[in-house]
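What follows is a set of notes on a single structure, which appears directly below.
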Amino acid sequence: MLTYVAIGAPCGMIMGQTGMEPWMVFALSSTFVTGSGQFMICNLWLAGVPAASIVASVAAISSRFALYSASITSHLTGASKRQTLAVAATLTEEAYGISLAKLVEGEDWGPRESFVLNVILIATWGVSCTTGAIVGAVVDVPTAIAAFVCTSLFICLLFSQRLSRGNVVAAVSGAVSVAVCKFLGLVNIAVPASVVVGITIALACDAVFDGRGARDAR
């Protein structure tokens, strides 16, 4: 919850700078469960990116929630379809990590606890974003500083990952593809293109090297 306050407040400031009223910020933050997607929406909107490109970019980075939902529902043994849907539809990344760890470890944790945790975190995020929007209307915080909060979060997540060949290739190829798209003037598709390119090249690289290792072993 404290993490959500630290990240949600700057997000709310940026949302306020796009012209959203505090009640709009709360409504969006309480129903749109990917904070990085909200940062992306605001930054791309302020940059004048067309709505279709914003939708495509946010959809690309939010598709991971389908994997989160699929992986956690298999551990909700004994839960009804309604309970499973309630948990899957309200997942956030932090709630997913906590609930999955407790379910795998066999703790006294089920669909009710998972759903309550999801609701608490979503409410915390919504209140934090709304507070940021209110404060941002009074205190002038530069957009670049507030926007870098989300970027710094992903940098921390990147360095916390296991240093593997696939991760390095995905990061480098994704960064290069963004630079190439912007150099060619393809700013609208730079983000979704970098996601596809980074993942594709990393998977291909792993497949080639894993296959070569198997041949060498034989």
Side-chain angles (χ1 to χ4, degrees), residues 3-4 6-8 10-11 14 32-47 49-75 88 91-101 104 121 125 144-217:
T3 303
Y4 275 30
I7 302 175
C11 183
I14 300 176
F32 196 75
V33 294
T34 164
S36 57
Q38 288 181 219
F39 271 101
M40 178 173 287
I41 290 173
C42 298
N43 288 324
L44 294 180
W45 181 266
L46 291 173
V49 177
S53 298
I54 295 176
V55 171
S57 300
V58 175
I61 68 167
S62 301
S63 60
R64 65 189 186 278
F65 281 91
L67 300 177
Y68 293 161
S69 299
S71 64
I72 198 170
T73 51
S74 61
H75 295 281
L91 273 179
T92 63
E93 287 177 310
E94 289 75 13
Y96 166 76
I98 295 172
S99 292
L100 183 63
V104 171
L121 292 183
W125 175 258
I145 295 178
F148 187 72
V149 172
C150 186
T151 304
S152 62
L153 172 63
F154 278 96
I155 292 175
C156 291
L157 292 174
L158 175 64
F159 280 97
S160 66
Q161 297 297 309
R162 181 173 59 89
L163 186 61
S164 64
R165 178 178 56 245
N167 287 343
V168 173
V169 170
V172 173
S173 56
V176 170
S177 63
V178 169
V180 172
C181 287
K182 291 191 173 185
F183 178 77
L184 297 176
L186 304 175
V187 179
N188 295 341
I189 65 170
V191 174
S194 67
V195 174
V196 175
V197 170
I199 294 175
T200 301
I201 294 180
L203 291 174
C205 180
D206 283 343
V208 169
F209 279 94
D210 290 344
R212 183 179 300 172
R215 290 193 300 271
D216 292 342

Atom pair [atom1] ([X]) and [atom2] ([Y]), whose distance is rounded to the nearest 0.5 Å:
X	Y	atom1	atom2	value
Thr73	Leu91	OG1	CG	9.0 Å
Ser62	Met40	OG	CE	8.0 Å
Cys11	Ile7	SG	CD1	9.5 Å

Distance-only donor-acceptor check, side chains Tyr96 and Ser71, under 3.5 Å: yes

Throw together a table of side-chain donor-acceptor distances under 3.5 angstrom for residues 171-179, partners on residues two or more places apart or in other chains.
| residue | atom | partner | partner atom | Å |
| --- | --- | --- | --- | --- |
| Ser173 | OG | Val169 | O | 2.6 |
| Ser173 | OG | Ala170 | O | 3.3 |
| Ser177 | OG | Ser173 | O | 3.2 |
| Ser177 | OG | Gly174 | O | 2.7 |

Verdict with supporting geometry, Thr92 and Tyr4, side chain to side chain donor-acceptor pair (under 3.5 Å): CA-CA 11 Å; Thr92 63; Tyr4 275 30; 2.9 Å; yes

Shortest non-hydrogen contact between Phe32 and Gln38, atoms and distance: O-OE1, 3.0 Å

Side-chain donor/acceptor of Ser69 to backbone N/O of Ala66, under 3.5 Å: no

Among Val58, Ile14, Val49, Thr34, the one residue meeting side-chain contact (heavy atoms from CB on, under 4.5 Å) with Ile41: Val58

Any residue meeting side-chain contact (heavy atoms from CB on, under 4.5 Å) with Ala193, in chain and number order, not counting sequence neighbours: Cys181

Pairing residues for Val104 by the side-chain contact (heavy atoms from CB on, under 4.5 Å) criterion, not counting sequence neighbours: His75, Leu100

